[in-house]
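Read the structure below first, then the notes.
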Amino acid sequence: MSSILPVIHQVPLPLDRLILRDPPSADAIEMDVLIVGAGPAGLACAIELARLVKRDQAAGGSLGELNIGVLEKAESLGEHSLSGAVVNPRAFRELFPDLQPSDFPFRQPVPDEAVYFLTERRAQRIPTPPTMHNRGFYTASLCEMVRWLGEQAEALGVNLFAGFPVDALLVEGQSVRGVRTTPSGLARDGTPGPNSTPPTDLTARVTVVAEGTRGTLGQAWREWQHVASPNPQLFALGVKELWEVKQPLGAVIHTLGWPLPADAFGGSFMYPLGPSQVALGLVVGLDYHDASLDVHELLQRMKLHPLFRRQLEGGQLIEWGAKTIPEGGYYALPVRRVGNGVLFVGDTVGFVDVPSLKGIHYAMQSGMYAARAAFAALKAGDPSAHGLASYDHMIEGSYIVDDMRRTRNMRLAFKDGLYVGGVKAGLMTVTGGRFPGGMIAMEDDARTGRTTGPSTPFTPDGRLTFGKLDAVFKSGNATRDTIPSHLLVGRDIHPEVADFYSHVCPAGVYERVGDELRVDPPNCVDCKATDVLGPRWTPREGGSGPKYRAM
Ligand SMILES: Cc1cc2nc3c(=O)[nH]c(=O)nc-3n(C[C@H](O)[C@H](O)[C@H](O)COP(=O)(O)OP(=O)(O)OC[C@H]3O[C@@H](n4cnc5c(N)ncnc54)[C@H](O)[C@@H]3O)c2cc1C
Ligand code: SF4
């Protein structure tokens, strides 16, 4: 047995590629507000802003028309969206006060709920912790919500540019001036091919970065502007499957315990999505200690447990996908979320409450606040950090920060393992987050050492359990085979690290062949797990990656 410290093998963030001081090209497209990412955060921002502008115009205001653009890397809206999801409808209600929950793109109300502690063969029902109550909420597919939000935005005149990944922020002095998109059609060695298209520059008075979990632009901007947070951001990887099933699932189910080792933080979910579908997944904190831990494989083993097997038996896997979740909570929030000409919203900031596994309504709410701040700044003619500062004030005074403060040390308590963490989390709930006093200090996931050792091989049956290549097929991934690699791999990756990467990546992108690391970039589903623990992820040509339909 030996040990791996992932950070040693990781290349630095390519800041000179992500923050560009080049002047925008002569044919740059001019917008007023640009939003990077068509997730719930970006689309809620676009909708709220378009409405504010219309209201201002109707009242004879001075702002006139605004050109609002949303850039999304997926070829079509929703194709890169993945969540659980149980949705707290609070932000939907605020954004669409004239609509009823039955008008929203939800699948069904939460019927009942149950939490189980699993051992390999048994499931012991335990009382639902107060942070995990979901009564009054709805189950939904994030892909469907995003497509619906996109329709609302388009109806308000927002320009949606799907298939346009943003490669870099264009800056001047200390201000963000706009963005540059990725080129497309390049040959594998990065040279222009016969059908290649150069990058496009877009300028804006305000850029809203809504790029989701482990955002590259957000990481780069914070490093460039030296914006710290009390603790580093932590991440979990969630691997999820959507199943067509024979009998409806009568409750929202969460589990703790098996198949996770006691020193890993995480759990599973199984949600009903109407009478004949269920979503299930396993979420594991990326600060686990065993180098051979493989979240995709653990999910496959988990489906063999009677609790899941009896629900899935006779059914069919429809879709598979994976994504990271920012888990650091309150103490991992950057001290500011605005800069000159730029605002950050949703998961890229880390607005996720881990004990309740909720981020969608926080993402939307932060998007609405950003819209209000951008509108006010443009009206005042001051899109500087000072002019946009009302966003940070709205966030600080909001239920987003209130909720996250209440659970501020809960995830952090689990660095001591499941049992100690469970006791501490109970005390934190009872004291409204006041126990244990100050902040529990954490380190980057990549700074947690991993112990290597033999792993137990798992053979999927192709019926209930699946290997990674079959899984990637079920993500709809149809990335061009000849695409240049978008993954920045460190040099001299030794065999044990190659094995570690092959376990971390749920999509089979990394493989140890002999003593070498083989990388298959087209398989990547943009989950960003190795960006946290190994090779860096960078944006690649539009339309690459998964094509989720109902994740
Ligand atoms: C397994 C799992 C289960 C979850 N369960 C729940 C749940 O039950 N309830 C809940 O409320 N929350 C849940 N969450 C969290 C929730 O999904 C997120 O908090 C929420 O989706 C964040 O919204 P967002 O708009 O900030 O980011 P996202 O939804 O990630 O959207 C970001 C968008 O930006 C695009 N993008 C990224 N980079 C670029 C770029 N460079 N250029 C252009 N576009 C780009 C992406 O393709 C994506 O469409 C879960 C998350 C996971 C992974
Ligand atoms: S290579 Fe892609 S799919 Fe694999 S872990 Fe990294 S981001 Fe996820």
Side-chain angles (χ1 to χ4, degrees), residues 18 35-45 70-74 77-88 91 134 137 139-140 142-143 145-146 149 161-168 179 181-182 209-218 236-240 252 269 271 279 281-283 321-326 344-353 356-364 366-367 468 472 475 477 486-487 489 501-502 504-510 519-521 523-540 542 545-546 551:
L18 296 165
I35 299 166
V36 181
L43 291 170
C45 178
V70 183
L71 294 154
E72 166 56 46
K73 67 181 163 67
L77 249 53
E79 287 185 346
H80 287 185
S81 300
L82 181 150
S83 190
V86 170
V87 187
N88 177 336
N134 286 299
F137 298 167
T139 67
L142 186 59
C143 303
M145 283 189 279
V146 159
L149 287 169
F161 303 107
F164 282 92
V166 169
D167 210 12
V179 303
T181 65
T182 55
V209 180
E211 61 188 333
T213 179
R214 188 68 178 180
T216 7
L217 304 172
L237 173 62
V239 179
K240 173 181 167 181
V252 156
F269 61 88
Y271 300 153
L282 184 65
V283 176
K323 188 164 260 190
T324 49
I325 307 172
F344 295 83
V345 298
D347 268 18
T348 191
V349 182
F351 294 136
V352 171
D353 181 54
S356 59
L357 190 57
K358 297 281 180 300
I360 294 169
H361 64 298
Y362 300 131
M364 290 176 68
S366 65
K468 290 185 177 177
V472 173
S475 75
N477 188 340
H486 63 300
L487 301 163
V489 185
Y501 291 169
S502 74
V504 173
C505 175
V509 170
Y510 306 96
V519 186
D520 191 5
N523 271 7
C524 176
V525 294
D526 293 5
C527 79
K528 315 266 186 82
T530 53
D531 192 69
V532 177
L533 294 182
R536 297 259 178 206
W537 179 94
T538 63
R540 52 185 164 163
M551 292 301 262

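Read the numbers this way: they start at 1 and go in the same order the structure lists the ligands and their atoms.
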Heavy-atom nearest neighbour in the protein, as seen from [atom], with distance rounded to 0.1 Å:
| atom | answer |
| --- | --- |
| atom 28 (P) of ligand 1 | Gly212 CA, 4.1 Å |
| atom 36 (N) of ligand 1 | Lys73 CE, 3.7 Å |
| atom 31 (O) of ligand 1 | Gly39 CA, 3.4 Å |
| atom 16 (C) of ligand 1 | Ser83 OG, 3.5 Å |
| atom 48 (C) of ligand 1 | Glu72 OE1, 3.5 Å |
| atom 1 (C) of ligand 1 | Leu82 CD2, 3.9 Å |
| atom 7 (C) of ligand 1 | Leu357 O, 3.1 Å |

Residue [X] vicinity, atoms of ligand 2 by number, heavy atom under 4.0 Å:
| X | result |
| --- | --- |
| Ala507 | 3 (S) |
| Lys528 | 7 (S), 8 (Fe) |
| Tyr510 | 1 (S) |

I need the single residue from Cys524, Pro539, Pro165 that forms a side chain to side chain contact (heavy atoms under 4.5 Å, CB included) with His486. Which is it? Cys524
Any idea which atoms of ligand 1 are less than 4.0 Å away from a heavy-atom of [X]?
| X | value |
| --- | --- |
| Val86 | 7 (C), 8 (O), 9 (N), 10 (C), 11 (O) |
| Ala363 | 22 (C), 23 (O), 26 (O) |
| Ala210 | 32 (C), 33 (C), 34 (O) |
| Pro165 | 42 (N), 43 (C) |
| Gly346 | 26 (O) |
| Leu142 | 21 (O), 29 (O) |

If you measure from each non-hydrogen atom of Val36 to ligand 1, which part falls under 4.0 Å: side chain, backbone, both or neither? side chain
Hey, looking at atom 3 (S) of ligand 2, which of Val525, Val504, Val489 has the closest heavy atom? Val525
From the options Cys505, Pro506, Pro546, select the one whose nearest heavy atom is closest to atom 4 (Fe) of ligand 2. Cys505
[X] to ligand 1: N or O pair under 3.5 Å?
| X | answer |
| --- | --- |
| Pro539 | no |
| Val166 | yes |
| Phe351 | no |
| Lys528 | no |
| Asp347 | yes |
| Gly359 | yes |
| Lys358 | no |
| Gly238 | no |
| Gly84 | yes |
| Val352 | no |

State if Ala74 counts as touching ligand 1 under the rule of any non-hydrogen atom under 4.0 Å. no
Once you restrict to heavy atoms under 4.0 Å, what part of Cys524 touches ligand 2? Side chain, backbone, both or neither. both
